[in-house]
2 protein chains.
Amino acid sequence: MTKKEQILHTALALFAAQGYDRTATSRIAREAGVSEGLIFRHYENKAGLLEAILDEGLRQIAGTMEGYRLIENPRAAVLDHIRRSFILIREQEAFWRLAQMVRFQPEVRVGAAAKLEAINGFIVRQLAEQFSKLGARAPQQEALTLFALIDGICIQWLQAPEQYPLEDMKDHLINKYRHEQYGLG
Amino acid sequence: MTKKEQILHTALALFAAQGYDRTATSRIAREAGVSEGLIFRHYENKAGLLEAILDEGLRQIAGTMEGYRLIENPRAAVLDHIRRSFILIREQEAFWRLAQMVRFQPEVRVGAAAKLEAINGFIVRQLAEQFSKLGARAPQQEALTLFALIDGICIQWLQAPEQYPLEDMKDHLINKYRHEQYGLG
DNA sequence: GTCATAAGTGAGTAATCACTTACAAAAATA
DNA sequence: TATTTTTGTAAGTGATTACTCACTTATGAC
């Protein structure tokens with residue numbers, strides 16, 4: 001791992017644990033084992049470091065959420081989306097925690113919001129298409145519902161990872177969406 | 001409005017708009033039309049001011065969520081919960097935005113987390129009871145699902161209040177939970 | 001009216017922090 | 001080998017900020 005990567009990695013861990021504003025660049029440097037100046041050699045400023053972290057995380061999310069259209073059966077596609085989402089939740093805990101904290105920070109919204117909204121929009125559109133194929137009366141709302149549900153579960157879990165029954169919720173969700181009849185409603 | 005209330009009110013607005021750490025106490029004082037020293041006469045420190053704000057918000061939420069047990073019909077109770085939740089979302093926008101931002105901040109979690117979790121626990125328990133009466137196979141998971149869903153919708157809306165179809169989602173949710181058959185699944 | 005307490009002010013301060021700068025070592029390039 | 005570029009460091013620095021303190025003004029209680 002290069003020192004530049006070391007900085008990124010350490011900053012993610014500290015930002016996620018204490019918050020962006022409460023993490024001093026001097027602390028990042030110390031824990032990463034580099035001089036403080038090096039941070040500003042590799043990244044324009046502290047905000048630039050944050051944006052690099054978010055970019056890297058979003059890149060991985062986009063990667064995981066790629067193989068969408070490959071699945072023909074719409075119900076299988078929805079279930080696959082749920083499974084992939086829970087994998088991402090578990091694998092990227094620090095990133096999600098950081099993302100949650102800076103989500104409403106105006107400064108950040110400018111930089112990373114566009115990319116995040118692009119991914120979100122893509123996912124919701126894909127989901128809506130699947131729900132449409134399943135005969136849902138309001139596919140758009142169904143898609144937004146599932147999206148919000150996964151988001152909400154992720155947040156609840158982040159708040160108490162050792163207590164929240166994440167695995168149970170995944171099974172419950174999959175079971176729910178395996179049998180749901182959208183045409184009836 | 002007393003100057004103490006003025007401080008609280010102004011601080012909520014600024015914290016919600018810019019974030020807790022990015023809001024200087026000098027700024028709060030200026031916008032509230034008081035001297036900076038007065039803030040520390042009425043509140044022990046900046047964190048104490050934040051806690052007072054959160055306490056006040058939680059008090060109102062607890063109030064709105066009180067009249068629960070009054071409703072006999074379990075399905076009506078669930079629908080009532082959904083309606084009350086959406087009212088709270090709309091009425092307390094600034095509070096929710098602030099709550100979202102500080103939700104993962106360790107320092108805050110110590111103070112306000114206990115109260116919030118008490119309210120959340122109460123709500124989830126009530127919901128689980130209603131779902132149980134409705135014959136749900138997994139009432140606890142059903143309750144957590146609805147809770148996470150509302151939480152997720154709130155967050156999505158907060159992120160783009162002018163674009164997110166909050167009213168549509170409320171109608172969709174109510175319609176969904178009006179007809180849902182929990183015993184089948 | 002007097003006194004005690006509460007409300008309010010504003011200038012000051014110690015500490016923190018993001019960022020700079022001057023310089024050195026290492027690596028790449030020729 | 002000589003030179004240019006990249007990577008790295010250590011010691012600042014100016015600005016910001018939460019909080020204090022000495023002091024003044026208002027509010028009751030008796």
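The sequence lines fix the lettering, A, B, ..., with proteins before strands; numbering per chain opens at 1.
When the salt bridge (charged side-chain N to carboxylate O under 4.0 Å, His left out) test is applied to Arg27(B), the partners found at least two apart in sequence or on another chain are Glu31(B). Glu91(B) is linked by a salt bridge (charged side-chain N to carboxylate O under 4.0 Å, His left out) to nothing, counting only residues two or more places apart in sequence or in another chain. A search for salt bridge (charged side-chain N to carboxylate O under 4.0 Å, His left out) contacts involving Lys4(A) returns nothing, not counting sequence neighbours.
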Pairs of donor and acceptor atoms involving the side chains of residues 161-171 of chain A, under 3.5 Å and at least two apart or interchain, shall be tabulated with distances.
unit_1	atom_1	unit_2	atom_2	d
Glu167(A)	OE1	Arg90(A)	NH2	2.7
Glu167(A)	OE2	Lys170(A)	NZ	3.0

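The ring-ring contact (aromatic ring centres under 6.0 Å, His included) analysis of residues 7-60 of chain B, with sequence neighbours excluded, yields the pairs Phe15(B)-Tyr20(B).
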Report, as a single string ordered 5' to 3', how protein heavy atoms within less than 4.0 Å touch nucleotides 8-25 of chain D: B base, S sugar-phosphate only, - not at all.
-> BB--------BBB-B---

